[in-house]
Amino acid sequence: MTTEKSLFKGSQTPGPVPKDHIRLYSMRFCPFAQRTRLVLSAKGIKYGTVNINLKDKPEWFLEKNPFGLVPTLETPSGQVIYESPITCDYLDEVYTDKKLLPADPYEKAQQKMMLEHFSKIIPYFYKIPAEKRNAKDTSALEAELNEHLAKLNETLVSKKAKFFGGDSITMIDYMMWPWFERLEIFELNHCLDKTPELQKWTECMLEDHAVKETIHSTDTYKAFYKTYFEGKPNYDYGL
């Protein structure tokens, strides 16, 4: 089963997941769910998508994932996996073609540590626009964000590589990408002005086929986030 329009409270429970497929419960504009969609696309995995209205969640979805969050995966045998890094690691372990995580334990640990560091950056992408909408001074927050981005830039400089795992895209690139894709919508593009290697990384990421398959246009993002920030997100915008 694949749905474009989001299912809501009272919607019929989807049928079994077809054999040789996996199901992704998602929301079209969610950056966390995009992580999983990027991995599914990069690895060429057969999957169906069921989009969820996160403001009015179906009862059956809360039975599958008590947190009621996306992304959530479901297998043909009814196994359920959730939390974006966990879903992505699961996919990389089960579908062994085109491994995205390094085989070397230390290199894998480095990516996990970098992801932990990046998790501390994500709140800035929401807090700064929120403060701006309330006409508050965001210079201190932006200075903090710039420090974090400078460290990411230094990582690329020290590695002398196009991507954070080397010369090809690996898991950590996909884990961070969705928020950089939205920088223009968050009006934070200028934060890359002093991070040239990070800027080059974003340009390289835009050439990736999985990124191209999961990206929305800037106008679509702007329209959705307008409804999101107004407190009435239109999950089906553009359909």
Side-chain angles (χ1 to χ4, degrees), residues 2-12 14 24-38 41 49-72 82-85 87 118-146 148-149 174-193 202 205-206 211-239:
T2 295
T3 67
E4 277 288 340
K5 290 201 171 180
S6 55
L7 301 187
F8 46 85
K9 192 173 184 178
S11 296
Q12 186 176 352
L24 170 66
Y25 295 98
S26 184
M27 190 277 276
R28 293 166 59 231
F29 303 105
C30 174
F32 294 96
Q34 188 182 0
R35 284 173 161 175
T36 312
R37 290 191 290 122
L38 285 163
S41 177
T49 302
V50 173
N51 285 313
I52 300 295
N53 184 317
L54 299 178
K55 283 278 192 181
D56 188 23
K57 299 162 188 173
E59 300 90 336
W60 50 260
F61 180 62
L62 292 169
E63 292 174 7
K64 294 179 187 295
N65 181 345
F67 295 121
L69 300 175
V70 296
T72 297
Y82 46 82
E83 296 297 325
S84 60
T87 62
F118 186 71
S119 70
K120 307 299 188 295
I121 301 176
I122 290 173
Y124 289 95
F125 297 123
Y126 300 98
K127 190 169 185 180
I128 292 172
E131 296 283 270
K132 283 183 177 178
R133 284 193 304 278
N134 292 323
K136 293 185 178 179
D137 180 14
T138 62
S139 56
L141 284 172
E142 289 194 35
E144 291 175 20
L145 175 59
N146 287 335
H148 288 297
L149 296 180
Y174 286 137
M175 293 299 97
M176 296 193 295
W177 171 251
W179 288 270
F180 287 93
E181 182 175 302
R182 292 159 173 76
L183 280 182
E184 184 175 346
I185 288 80
F186 297 144
E187 298 182 355
L188 292 171
N189 261 357
H190 60 280
C191 291
L192 295 183
D193 289 348
T202 64
M205 289 296 292
L206 285 168
V211 169
K212 289 179 179 179
E213 283 187 5
T214 62
I215 200 169
H216 287 290
S217 71
T218 300
D219 287 344
T220 298
Y221 272 136
K222 284 182 177 178
F224 167 74
Y225 276 103
K226 182 176 184 294
T227 69
Y228 174 82
F229 290 130
E230 290 170 349
K232 297 179 179 179
N234 181 0
Y235 300 117
D236 296 332
Y237 177 81
L239 298 180

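Any value given below was found using the heavy atoms of this structure, including those in side chains, with hydrogens, waters and symmetry copies removed.
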Go through the side-chain N and O atoms of E131 and T138 and say whether any donor and acceptor fall under 3.5 Å apart. no
Using ring centroids (six-membered ring only for Trp), state whether Y225 and F186 fall under 6.0 Å. yes
Would a 4.5 Å heavy-atom cut-off, applied to side chains only, mark S26 and T36 as touching? no
For H216 and F29, take the angle between the two ring planes, folded into 0 to 90°, and tell me which bin it lands in: parallel under 30, tilted 30 to 60, perpendicular over 60. tilted
Going by the rule side chain to side chain donor-acceptor pair (under 3.5 Å), which residues pair with Y174 if we only count those two or more places apart in sequence or in a different chain? D208
Nearest heavy atoms of D236 and E4, plus distance in Å: OD1-O, 4.2 Å
Could you measure the distance from the CG atom of L38 to the CD1 atom of I215? Nearest 0.5 Å is fine. 9.5 Å
CD1 on I128 to CD on E187, rounded to 0.5 Å: 11.5 Å
Determine the minimum heavy-atom distance between C191 and E142, stating which atoms define it. SG-OE1, 4.3 Å
Compute both the distance and the angle, then confirm whether R182 meets the cation-pi test with F125: under 6.0 Å from the six-membered ring centre, within 45 degrees of the axis. no
Do side-chain atoms of T227 reach the backbone of N234 as a donor and acceptor pair under 3.5 angstrom? yes
How many angstroms lie between atom CG of L145 and atom NZ of K127, to the nearest 0.5 angstrom? 12.5 Å
With sequence neighbours excluded, tell me which residues meet side chain to side chain donor-acceptor pair (under 3.5 Å) with N134. none
Minimum heavy-atom separation for Y235 and N53, please, with both atom names. CE1-OD1, 3.3 Å
So OH of Y82 and NZ of K64: to nearest 0.5 Å the spacing works out to 12.5 Å
In Å and rounded to the nearest 0.5 Å, what is the OG to NZ distance from S6 to K55? 13.0 Å
With distance as the sole criterion, is a donor-acceptor pair present between the side chains of S139 and D137 under 3.5 Å? yes
Run T218 and I185 through side chain to side chain contact (heavy atoms under 4.5 Å, CB included) and show every step you take. CA-CA 7 Å; T218 300; I185 288 80; 4.2 Å; yes
In this structure, is the centre-to-centre distance between the rings of Y221 and F224 below 6.0 Å? no
Nearest heavy-atom approach of P85 to M175 is CA-SD, 4.4 Å
Verify the neighbour count for atom CZ of F118: are there more than 12 heavy atoms of other residues, nucleotides or ligands below 6.0 Å? yes
For K57 and I52 the tightest heavy-atom approach is CG-CG2, 4.3 Å
Count the heavy atoms belonging to other residues, nucleotides or ligands that lie under 6.0 Å from NZ of K232, then report whether that count exceeds 12. no
With side chain to side chain contact (heavy atoms under 4.5 Å, CB included) as the test, would you mind laying out the steps for V70 and F61 before giving the verdict? CA-CA 10 Å; V70 296; F61 180 62; 4.1 Å; yes
Given the rule in the side chain to side chain contact (heavy atoms under 4.5 Å, CB included) test, do R37 and E213 qualify, once you have shown the distances and angles that lead to the verdict? CA-CA 9 Å; R37 290 191 290 122; E213 283 187 5; over 6 Å; no
Rounded to the nearest 0.5 Å, how far does CD1 of I121 lie from CZ of F180? 6.5 Å
Residues that R35 engages under side chain to side chain donor-acceptor pair (under 3.5 Å), provided they are two or more places apart: S84
Determine the minimum heavy-atom distance between L7 and P14, stating which atoms define it. CD1-CG, 4.5 Å
For a side chain to side chain contact (heavy atoms under 4.5 Å, CB included) check, start with the C-alpha distance between W177 and T214, then their side-chain angles and the critical distance, and finish with the verdict. CA-CA 11 Å; W177 171 251; T214 62; 5.7 Å; no
